[in-house]
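Report on the structure given below.
Convention: sequence-line order gives letters A, B, ...; per-chain numbering from 1.
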2 protein chains.
Amino acid sequence: MATLKYSRQREAIKEYLAKTKEHPTADTVYMHIREQYPNISLGTVYRNLNLLVSQGEIIKINCNDSSDRFDGNPEPHYHFICNECNRVMDLEMESIDHINKIAGAGFEGKIEGNVTFFHGLCPDCNKGDH
Amino acid sequence: MATLKYSRQREAIKEYLAKTKEHPTADTVYMHIREQYPNISLGTVYRNLNLLVSQGEIIKINCNDSSDRFDGNPEPHYHFICNECNRVMDLEMESIDHINKIAGAGFEGKIEGNVTFFHGLCPDCNKGDH
DNA sequence: TCAATAACAGTAATTATTATCATATTATAC
DNA sequence: GTATAATATGATAATAATTACTGTTATTGA
């Protein structure tokens with residue numbers, strides 16, 4: 001497979017994702033990187049995001065939202081999405097991988113994993129702050 | 001709010017979803033209903049699917065697939081998607097709602113629910129049948 | 001039977017994402 | 001350092017899923 005060549009744009013995207021806790025969409029990434037590289041194209045952002053996902057350096061999250069979001073932390077962890085403000089947050093919680101065993105009981109196929117996210121009210125919306 | 005009026009098309013969609021175990025996409029529903037109503041429009045299918053979802057008569061499932069799928073069974077239950085053939089199946093398993101409590105421990109907001117689906121190899125693909 | 005209104009079919013518009021392509025950058029060999 | 005080859009880029013076009021619009025048709029309740 002073709003060797004990966006360095007690019008400032010890809011580096012900037014990776015750095016931005018490493019810093020933020022926002023779980024931004026491709027479009028949000030685009031708007032931020034444009035501050036540093038005003039000519040960057042949205043296609044370049046998409047291409048690099050997908051590249052980084054396939055390299056395992058970042059992850060793509062799909063919370064039934066209209067567009068995919070990206071997370072610079074590739075370590076397995078869980079996400080929460082606020083029903084009110086739609087913010088996506090990381091959850092610090094113990095693993096729930098035991099649910100794979102529950103799902104596998106009585107299933108003829110093979111359970112290899114699960115995709116789970118939680119929803120409700122984020123700390124701010126729960127307090128009534130918006 | 002406007003009163004709902006009967007429509008044969010909506011009824012046909014509901015019946016089709018009640019019968020099938022396929023978890024079809026809007027387009028698949030469209031193709032099936034066209035056998036009975038050749039002039040039905042895709043927009044009508046989408047409008048009615050969303051209507052039925054908002055009435056709680058069917059549910060919409062999003063498995064990170066390119067398009068949403070629909071399930072005629074609105075009772076809460078879990079889904080499995082095959083990594084190989086992409087088929088979506090119902091899982092008969094006990095509730096895993098206790099994971100909400102696990103997620104809520106140490107979280108300042110309020111967990112109201114979770115969206116979970118499992119993936120792996122379906123019974124057929126697991127056996128090597130394709 | 002008729003008037004009011006929701007639903008329809010057909011089509012255009014929108015949104016997110018991917019593909020194309022000529023040019024610019026990066027890596028490598030001399 | 002310069003030439004060569006290959007990947008990455010920016011600009012734009014294309015695609016795919018879904019939603020919005022509009023004039024016509026079907027359903028409802030009087």
Nearest whole angstrom, please: distance from the P of C:dA7 to the CD1 of B:Ile33. 17 Å

For D:dT19, does either OP1 or OP2 sit under 4.0 Å from a side-chain N or O belonging to B:Tyr46? no

Axis-to-axis angle across the helix from C:dT1-D:dA30 to C:dC30-D:dG1, five pairs an end, to 10 degrees? 40°

Can you see if the side chain of B:Ser7 gets near the phosphate of C:dC8 - specifically, an N or O under 4.0 Å from OP1 or OP2? yes

Is a side-chain donor or acceptor of B:Tyr37 paired with a backbone partner of B:Ala12 at a separation under 3.5 angstrom? no

Can a donor-acceptor pair be found between the side chains of B:Glu112 and A:Asn83 at a distance below 3.5 Å? yes

Nearest-nucleotide check on DNA chain D, B:Ala26 vs A:Gly43; residue mapping nearer the 5' end is A:Gly43

Near B:Glu57 CD, under 6.0 Å, is it more than 12 heavy atoms from other residues, nucleotides or ligands? yes

Specify the separation, in whole Å, of atom CG of A:Leu4 and atom P of C:dT28. 12 Å

Do any side-chain nitrogens or oxygens of B:Gln9 fall under 4.0 Å of OP1 or OP2 in C:dA9? yes

Using whole Å, what does the distance between atom C1' of nucleotide C:dT25 and atom CD of A:Glu11 come to? 15 Å

Within the structure shown, what part of the strands sits under 4.0 Å from A:Asp27 by heavy-atom distance: base, sugar-phosphate, or nothing? nothing

Under 3.5 Å, is there any donor-acceptor pair linking the side chain of A:Lys5 to the base of D:dT7? no

Phosphate OP1/OP2 of C:dT17: any A:Arg47 side-chain N/O under 4.0 Å: no

Do A:Phe107 and B:Pro123 have side chains that get closer than 4.5 Å, going by heavy atoms? yes

B:Asn48 has an atom CG; how far is it from atom P of C:dA6, in whole Å? 15 Å

Nearest-Å distance, CG (A:Leu51) to C1' (C:dT17)? 15 Å

Identify, with sequence neighbours excluded, every residue that meets side chain to side chain donor-acceptor pair (under 3.5 Å) alongside A:Asn114. A:Asn100, A:Thr116

Between B:Phe70 and A:Ile40, which has a closest nucleotide on DNA chain D that is more 5'? A:Ile40

I want to check one thing: is the phosphate of C:dT17, taken as OP1 and OP2, less than 4.0 Å away from some side-chain N or O of A:Asn50? no

Between A:Ile59 and A:His77, is there a side-chain heavy-atom distance shorter than 4.5 Å? yes

Could you give the CG-to-P distance, from B:Leu49 to C:dA7, as a whole number of Å? 14 Å

Gap between atoms CG and P, on A:Leu42 and D:dT15 respectively (whole Å): 18 Å

Just to be sure I understand the rule, does A:Thr44 reach a base, reach only the sugar-phosphate, or reach nothing, if contact means heavy atoms closer than 4.0 Å? base

Do A:Thr20 and A:His32 have side-chain heavy atoms sitting under 4.5 Å apart? no

Send over the distance from B:Ile13 CD1 to C:dA9 C1', rounded to a whole Å. 13 Å

Do A:Met89 and A:Cys122 have side chains that approach each other closer than 4.5 Å (heavy atoms only, starting at C-beta)? yes

Should A:Arg8 be listed as having a side-chain N or O under 4.0 Å from OP1 or OP2 of D:dT9? no

